[in-house]
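Some notes on the structure that comes next.
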Protein chains: 2
Amino acid sequence: MKKYVYSFNEGSKDMRSLLGGKGANLAEMTKIGMPVPQGFTVTTESCNKYYEDGGVIDEEVVNQIYEKLSELEQKSGKKFGDKEDPLLVSVRSGAVFSMPGMMDTILNLGLNDETVQALAKLTENERFAYDSYRRFIQMFGDVVMEIPKAKFDKIFDGQKEKSGAQFDVDLTAEDLKEVIAGYKELVKEEKGEDFPQDPQVQLMEAVKAVFRSWNNDRAILYRNLNGIDHSLGTAVNVQSMVFGNMGKTSGTGVAFSRNPANGENKLYGEFLVNAQGEDVVAGIRTPQPISEMAEAFPEVYAEFAGIAKSLEEHYKDMQDMEFTVERGKLYMLQTRNGKRTALSAVKVAVDMVKEGLIDRETAVMRVEPEQIDQLLHPCFDAATIAEKEVIAEGLPASPGAASGKIYFTAAEAADAAANGEKTILVRQETSPEDLAGMVAAEGILTQRGGMTSHAAVVARGMGKCCVAGCSQISVDEDEKKVTIDGKVYGEGDYISLDGTSGKVYSGEIEAVDPEFSEEFKTLMSWADEIRSLQIRTNADNPRDAAKAVEFGAEGIGLCRTEHMFFEDERIPAIRQMILAESTEEREVALAKLLPFQKEDFKGIYKVMGERPVTIRLLDPPLHEFLPQTEEEMKVVAENTGSSMEKLERIAEELHEFNPMLGHRGCRLAITYPEIARMQTRAIIEAALEVGQEQGIEIKPEIMIPLTCEEAELAAVKKTVLDTVKTVEEETGKKITCSVGTMIEIPRAAVTADEIAEEAEFFSFGTNDLTQMTFGFSRDDTGKLIKEYVDKNIFEKDPFQTLDQKGVGFLVQTAAKLGRQTRPDIKMGICGEHGGDPASIEFCHRTGLNYVSCSPFRVPIARLAAARAAISNK
Amino acid sequence: MKKYVYSFNEGSKDMRSLLGGKGANLAEMTKIGMPVPQGFTVTTESCNKYYEDGGVIDEEVVNQIYEKLSELEQKSGKKFGDKEDPLLVSVRSGAVFSMPGMMDTILNLGLNDETVQALAKLTENERFAYDSYRRFIQMFGDVVMEIPKAKFDKIFDGQKEKSGAQFDVDLTAEDLKEVIAGYKELVKEEKGEDFPQDPQVQLMEAVKAVFRSWNNDRAILYRNLNGIDHSLGTAVNVQSMVFGNMGKTSGTGVAFSRNPANGENKLYGEFLVNAQGEDVVAGIRTPQPISEMAEAFPEVYAEFAGIAKSLEEHYKDMQDMEFTVERGKLYMLQTRNGKRTALSAVKVAVDMVKEGLIDRETAVMRVEPEQIDQLLHPCFDAATIAEKEVIAEGLPASPGAASGKIYFTAAEAADAAANGEKTILVRQETSPEDLAGMVAAEGILTQRGGMTSHAAVVARGMGKCCVAGCSQISVDEDEKKVTIDGKVYGEGDYISLDGTSGKVYSGEIEAVDPEFSEEFKTLMSWADEIRSLQIRTNADNPRDAAKAVEFGAEGIGLCRTEHMFFEDERIPAIRQMILAESTEEREVALAKLLPFQKEDFKGIYKVMGERPVTIRLLDPPLHEFLPQTEEEMKVVAENTGSSMEKLERIAEELHEFNPMLGHRGCRLAITYPEIARMQTRAIIEAALEVGQEQGIEIKPEIMIPLTCEEAELAAVKKTVLDTVKTVEEETGKKITCSVGTMIEIPRAAVTADEIAEEAEFFSFGTNDLTQMTFGFSRDDTGKLIKEYVDKNIFEKDPFQTLDQKGVGFLVQTAAKLGRQTRPDIKMGICGEHGGDPASIEFCHRTGLNYVSCSPFRVPIARLAAARAAISNK
């Protein structure tokens with residue numbers, strides 16, 4: 001016969017899927033001799049059977065419950081319904097994965113018109129007993145009998161009015177008896193029967209109610225949101241009640257075995273004398289720090305401290321515990337691994353290794369990579385922002401905190417910053433022309449664009465706080481105002497952004513700068529020992545490169561050359577090139593760009609030394625470099641000596657309906673090989689010069705973007721290698737360089753065997769690959785993807801976490817095909833996903849050589865790579 | 001020892017890859033006893049060996065050539081260099097695949113200062129002999145010795161001037177002797193040696209020159225353009241010269257065994273008495289029709305007619321033959337399968353089946369599907385357009401011919417057409433709003449857009465002539481003018497388009513309407529018996545549907561609902577829907593659209609009867625329905641009672657950077673399920689009503705576009721099926737309908753196993769799938785793709801012929817995964833590729849159930865499907 005009900009002493013922490021998390025931990029504590037109020041757990045299988053049987057509780061389950069109940073009565077020496085020493089129990093749900101507050105709990109079950117009197121006597125507190133009874137009826141009436149809570153409230157409030165009571169506590173025992181009479185009448189009216197006085201009936205109805213609550217609306221929603229399987233079912237824990245409010249030798253508390261905020265190895269928590277758990281929650285009285293318990297109950301405190309230590313040693317992790325002291329006796333009601341801040345997680349993990357509790361790998365697995373992002377950026381003090389009003393909420397596009405004056409154009413933001421002001425750049429969306437303003441601002445707020453919009457990508461690259469796609473705000477750049485929820489903010493008004501949460505606050509809030517603890521450095525060094533994936537960075541300039549190296553980057557996986565083109569000195573030459581109507585004219589303009597590009601690369605090489613640097617040839621469509629407004633057009637026309645007509649004609653010719661799928665990437669190098677020639681020359685000459693200056697050997701990796709076909713790559717590669725040869729001949733020097741390609745178009749992925757004939761390395765550009773694999777433009781569909789995630793169509797935003805099923809299939813196909821042709825082909829990823837832990841795990845499994853991410857994600861990637869190595873051992 | 005040289009009597013037609021096409025046919029004719037001037041063929045392997053050896057002719061090859069030469073001398077009774085009866089030969093290239101005019105030929109080899117006199121005596125024509133000699137020196141000097149042709153011309157022209165000769169023929173034998181002296185001097189000057197007098201030396205040098213010519217620039221280009229493998233090499237044919245210019249009993253001619261223009265079973269060709277082949281080409285004398293040869297040489301004619309019939313019977317195909325009559329004796333110089341028009345191809349194939357020469361499958365394989373396109377559309381008379389000036393050339397976007405007055409807006413074109421004018425709509429590009437004008441016009445010419453641009457797709461759908469992406473023209477719609485090569489054409493000027501060639505002519509040219517022959521109908525009926533693929537059509541209205549059924553369509557594979565929305569009566573309601581700010585407002589607008597949609601579908605069902613009809617739910621982004629100009633905006637604002645501000649705000653909100661990857665397809669149905677509800681209701685109600693009226697059962701197929709994820713499809717499918725159920729309940733009737741999806745996003749293809757859980761059928765939308773697989777927007781990259789094809793990066797435009805390697809991989813992956821989940825899943829293709837023969841062959845191999853193409857491609861698809869079935873037996 002199947003076992004449906006387990007006493008606490010029959011289970012263990014490994015039976016979580018059968019007993020639920022709470023039940024398994026209660027069993028485990030019982031097993032290791034902790035003082036746990038006894039009880040039993042009805043399994044998740046019983047719950048599933050209940051549903052299979054069409055909402056009927058199986059007779060076998062009923063019988064087993066009664067059996068265990070009778071055992072419990074024997075153990076406790078109390079009896080259900082006993083007039084002297086009645087057994088009272090709590091009935092709580094307990095799912096496999098924690099679903100806090102989603103399902104129902106019933107306390108004080110076993111109370112009836114008779115046992116309430118016994119309770120009054122035992123607690124020497126009649127008011128408490130009747131209040132418990134009245135609460136029990138209300139809870140039971142609501143949860144089990146499904147009588148609207150409001151109807152109970154009406155009776156209760158009526159009594160308060162009648163008695164002239166201002167607060168609930170002002171009601172006397174006598175008042176409460178009247179309330180109870182009213183409640184019982186209500187039950188009779190609503191249900192046509194009396195409130196059940198038989199504790200066994202109460203129990204069975206309560207168990208069924210908990211089963212039912214598994215499928216209430218909010219529980220279903222919660223599981224949908226958290227990806228919890230609906231077929232798991234919930235267990236039900238029936239546990240003897242203990243009372244912390246039986247006088248001055250009783251009490252209740254919650255505590256962590258270490259400090260969850262900073263990791264200090266010291267009990268941390270709160271304690272209330274003569275109180276029950278709900279009093280702490282209700283905030284009626286102010287709890288004392290747990291340390292003060294040592295004075296109030298020295299012995300109990302010592303016992304509790306010992307238990308906390310034992311539990312830590314047993315679970316090998318910091319514990320979050322609930323306990324009650326009933327007349328000087330300590331009872332443990334719950335233990336679980338404690339939630340903690342990043343700071344605490346790192347310290348606890350490293351300390352526990354030092355204490356011999358866990359090994360390094362376990363320590364690495366204890367810190368969530370995403371969590372440490374908190375440690376890398378400025379942040380607002382939690383207490384401070386708790387008091388501030390959130391005026392809008394956008395996408396948490398780039399973490400950190402920033403506060404400053406609103407400016408609506410890049411130029412004005414840059415000017416203000418030059419005058420020492422802290423500024424926030426507020427735009428409908430940003431474009432490459434806003435770069436200078438973005439560099440100067442403390443943070444960026446945009447109305448449109450998703451997690452991989454220009455603003456988001458660039459801000460993350462710079463480690464700058466950014467809230468993007470904040471559709472609640474309405475930015476009017478011409479009028480220099482932003483309207484948020486009807487209120488208008490103008491230039492110079494203060495605003496504060498939390499890029500980690502996506503929240504926007506009005507006014508100024510001070511942000512706190514990060515500092516790396518010794519424990520952090522230790523943990524990261526362990527991660528580095530463990531991981532096999534290399535971590536590179538996406539960096540386009542020496543500043544970002546230096547930051548990334550400081551954060552532990554081992555090379556550059558993506559150096560975008562186009563960002564360099566937007567700087568003031570260069571854009572005229574770029575535009576001259578675009579306006580050129582012959583190869584010769586174009587080469588004249590390119591010759592002007594060559595020294596700039598060369599200096600760019602020299603700066604980067606100087607920072608990176610012999611670390612590998614992958615430089616991508618020009619990628620965006622040329623129209624991105626043209627002025628967007630008529631005024632700017634006029635200026636450019638004057639400066640380049642072109643007619644407005646010509647400028648307009650060329651802009652018109654370059655216009656594209658879908659620039660994402662247009663004339664860009666290596667397609668530019670096919671049409672204008674002279675651009676690739678200039679860039680290659682700059683890359684090679686810079687490498688040779690810095691190499692000579694520093695006495696090192698620089699081996700550039702030249703990356704050709706947007707390949708879709710082998711012949712296309714072959715053509716551009718030839719242009720590149722011919723140029724390399726020319727430079728070698730001119731300088732009389734030899735250089736080792738490799739030529740590879742981005743795999744960012746689905747066709748490149750599925751023809752990677754052919755592409756690998758030419759490519760010496762693959763870099764998966766998973767941003768564009770995601771766009772084309774899904775048919776989602778990241779500039780346009782931020783709102784839509786949010787809708788998809790909200791409607792549970794997508795589990796996650798595929799631009800944040802690599803879609804392993806679709807995009808991942810293409811990456812794996814490409815990796816397999818690429819290795820078929822070239823077994824030692826080097827492969828990495830350089831999309832935004834390179835900094836996402838789940839995606840990094842995928843890259844590890846796929847056998848890539850490296851991931852490349854923005855500088856501020858490098859530590860996260862190092863940790864995630866180590867965890868991936870451990871998980872996939 | 002390897003055999004490098006074959007006498008004509010040693011080979012056969014099956015040795016094409018070794019002997020080349022010409023050599024194999026000469027051998028075959030020899031084998032079956034035709035009178036062929038004897039000779040031998042140096043194999044393609046010799047050519048390849050020549051290249052492998054670094055441009056040196058192998059000694060073994062040389063020895064075998066001399067051996068065969070000596071056999072030839074014995075057979076012919078003539079000797080190389082003989083002073084009385086010299087052997088003269090032609091040396092001709094002969095590749096495996098015909099490369100007309102790409103490689104070199106040398107005639108009269110064996111002539112020298114002595115044999116020329118013998119030739120003069122034998123032909124009794126001194127002038128002819130010396131002219132032959134001078135031509136030989138010139139040809140040899142040019143081809144073998146690589147002396148610039150211009151230098152020979154200078155000497156020749158000098159002699160003409162000196163002799164006062166107006167034409168070449170005015171030069172006497174004596175004059176020619178002076179030319180020869182000058183030529184020999186030139187050779188000596190240029191090469192430092194005398195022109196070779198030894199025929200054996202001449203021969204070996206000529207053979208090498210032919211080998212070299214395999215790799216001349218134009219031959220390489222030709223092979224690139226025609227996809228011929230560069231490693232094949234060429235054979236060299238050495239053949240005894242015969243002379244058709246040895247007096248009145250000699251002659252030369254070319255003839256087809258049947259009429260290549262109309263297929264009539266009668267010799268067709270030309271004949272010249274006392275002439276050599278080159279005289280025909282030079283056009284100095286006018287040849288006689290071949291029929292007149294019967295009078296001039298009755299016996300020879302009878303012999304030739306018999307040979308022609310034998311060759312046809314032997315090759316089982318219409319032959320294209322060259323022959324020479326030397327002093328009353330007939331010599332066959334060449335035979336090959338004759339090129340023919342579509343009309344002829346169809347008639348010859350069907351006639352030959354009736355004659356018992358070939359079977360039906362062979363007949364079907366004899367007609368190229370693309371060819372019959374000519375038979376379905378109006379066309380210009382070939383002779384007429386030969387005289388017309390081509391003023392521009394664009395993409396042959398939709399076949400046919402059209403002539404009419406230029407109009408620059410759809411409205412004006414429609415008005416003019418209503419007044420009985422023939423019009424050509426000339427636009428930068430077309431948009432859905434131009435539909436009425438496109439329907440009214442005879443043809444469409446656009447400056448921008450590729451083979452799958454809006455203009456091209458819609459025009460093909462209507463079977464209307466269209467030249468698209470004609471970048472040589474500059475259209476100014478505001479000024480109502482189009483500038484072509486500096487010349488300005490205005491509204492009302494006549495212009496003519498050939499949509500089959502992409503050519504644009506000025507002025508009016510009359511087009512000839514097509515008529516279907518009995519043979520055509522017969523051939524198509526055979527094709528229908530053979531094919532296993534079903535052929536459906538893409539049709540959005542009853543007119544197109546009827547046309548397609550007339551052409552043999554078996555159902556509708558794609559009925560786009562959005563085209564219906566642009567009509568004048570409907571667009572206001574659509575706009576009202578877009579401007580709606582709540583579901584309720586939107587439903588009010590949709591209620592107005594419902595009767596229209598229902599009528600649309602009823603019209604189509606009435607035409608299609610019980611044939612399957614797949615209707616796709618709304619696909620384009622909503623902004624496509626908004627007015628584009630400020631003026632139109634104002635009108636809409638007035639009509640809808642919306643403020644301009646609101647209109648602008650909504651247009652701004654709907655604006656997308658990359659609409660192709662934006663909020664469209666089933667994404668609309670996710671955000672606005674009420675649209676899908678209205679459309680489903682229209683589809684179902686229409687089907688029930690027409691079914692009842694006609695006493696038939698209509699089973700609609702509802703297709704959900706742009707799916708990228710199973711959950712997305714499931715959500716929209718639920719909306720659809722819920723609506724079906726509602727309509728069933730309302731009407732009390734039951735309907736059988738199926739719900740499927742487009743597979744047009746790469747992710748849908750690679751997750752097709754999951755998608756098939758929901759989808760009852762797949763329709764591969766290979767237009768969009770190609771766009772996203774390649775990352776090429778078809779609206780933007782027409783020019784770029786042309787560049788890629790020109791540069792040999794792409795073999796073919798992937799929007800015209802399905803890219804089997806990349807897109808095909810995804811289609812096959814999806815087909816395999818889809819069948820894993822749902823073994824009987826119905827699959828078809830409805831992109832532009834559905835009408836492309838090579839793509840249809842791919843669909844057959846992939847095991848799809850049907851292809852769907854525009855009405856005018858239906859016959860082509862039927863034929864192509866039959867050929868695919870035969871080829872893949």
Side-chain angles (χ1 to χ4, degrees), chain A residues 428-429 448 471 474 621 649 652 655-665 667 670-671 706 708-712 714-715 744-751 754 768-781 783-784 787-788 791-795 798 803 805-807 809-810 813, chain B residues 428 471 474 621 649 652-653 655-665 667 670-671 706 708-712 714-715 744-751 754 768-781 783-784 787-788 791-795 798 803 805-810 813:
Chain A
Q428 286 211 339
E429 60 225 329
R448 300 175 53 162
S471 53
S474 172
R649 175 172 55 77
E652 168 66 21
H655 169 79
E656 292 179 320
F657 294 103
N658 294 286
M660 177 56 51
L661 308 174
H663 196 193
R664 65 185 193 96
R667 299 165 192 180
I670 294 284
T671 311
L706 214 73
C708 72
E709 154 67 40
E710 181 195 353
E712 179 188 38
E744 55 186 333
I745 289 186
R747 191 175 190 277
V750 301
T751 63
E754 298 184 356
D768 278 8
L769 191 59
T770 299
Q771 297 198 75
M772 293 182 209
T773 303
F774 273 89
F776 269 117
S777 157
R778 63 185 187 187
D779 290 326
D780 298 313
T781 51
K783 217 168 98 187
L784 186 64
E787 186 181 347
Y788 269 46
K791 289 189 170 162
N792 214 33
I793 291 172
F794 288 167
E795 265 179 49
D803 158 53
K805 213 155 54 180
V807 179
F809 175 91
L810 291 177
T813 299
Chain B
Q428 286 208 341
S471 53
S474 173
R649 175 174 54 77
E652 168 66 21
E653 278 171 18
H655 169 79
E656 293 180 319
F657 294 104
N658 294 286
M660 176 57 51
L661 308 175
H663 195 196
R664 65 184 192 96
R667 298 163 191 181
I670 294 286
T671 311
L706 215 74
C708 73
E709 155 66 40
E710 181 195 354
E712 181 188 39
E744 55 186 333
I745 288 186
R747 192 174 190 278
V750 302
T751 63
E754 297 183 357
D768 278 9
L769 191 58
T770 299
Q771 296 197 78
M772 295 182 207
T773 305
F774 274 89
F776 269 117
S777 156
R778 64 184 186 186
D779 289 327
D780 297 313
T781 51
K783 217 167 100 185
L784 186 64
E787 185 181 348
Y788 269 46
K791 288 186 172 163
N792 214 32
I793 291 171
F794 287 166
E795 265 179 47
D803 159 52
K805 214 155 53 182
V807 178
F809 174 90
L810 292 177
T813 299

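In what follows, every chain begins at residue 1, and chains take the letters A, B, ... in the order their sequences are listed.
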Who wins among Asn792(A), Thr671(A), Thr751(A) for the most heavy-atom pairs under 4.5 Å with chain B? Thr671(A)

Does any heavy atom of chain B fall under 4.5 Å from the side chain of Arg448(A), the backbone, both, or neither of them? side chain

Who passes salt bridge (charged side-chain N to carboxylate O under 4.0 Å, His left out) against Glu787(B), sequence neighbours left out? Lys791(B)

Honestly, the part of Leu810(B) sitting under 4.5 Å from a heavy atom of chain A is side chain

Against chain B, label Gln428(A) side chain, backbone, both or neither, depending on which of its atoms sit under 4.5 Å from a heavy atom there. side chain

How close do Ile745(B) and Gly775(A) get, counting heavy atoms only, and between which atoms? CG2-N, 4.1 Å

Between Asp780(B) (side chain only) and Glu656(A) (backbone N and O only), is there a donor and an acceptor less than 3.5 Å apart? no

Name the option with the most non-hydrogen atom pairs under 4.5 Å to chain B; the candidates are Gly665(A), Ser474(A), Pro746(A). Pro746(A)

Please name the pair of heavy atoms, one in Leu661(A) and one in Thr781(B), separated by the smallest distance, quoted to 0.1 Å. O-CG2, 3.7 Å

Do you know the tightest heavy-atom contact between Arg667(B) and Phe774(A)? NH2-O, 2.8 Å

With sequence neighbours excluded, residues passing salt bridge (charged side-chain N to carboxylate O under 4.0 Å, His left out) with Glu754(B): Lys805(A)

Compare all side-chain heavy atoms of Glu429(A) with those of Phe657(B) and state whether any distance is below 4.5 angstrom. yes

Quick check for you: to the nearest 0.5 Å, what is the distance between Thr773(B) atom OG1 and Arg747(A) atom CZ? 9.0 Å

Which atoms of Glu709(A) come close to chain B, meaning under 4.5 Å heavy atom to heavy atom: side chain ones, backbone ones, both, or neither? side chain

Options Asp803(B), Thr813(B), Val807(B), ranked by heavy-atom pairs under 4.5 Å with chain A, top entry: Asp803(B)

Main chain of Ser777(B), side chain of Asn658(A): is a donor-acceptor contact present, judged purely on distance under 3.5 Å? no

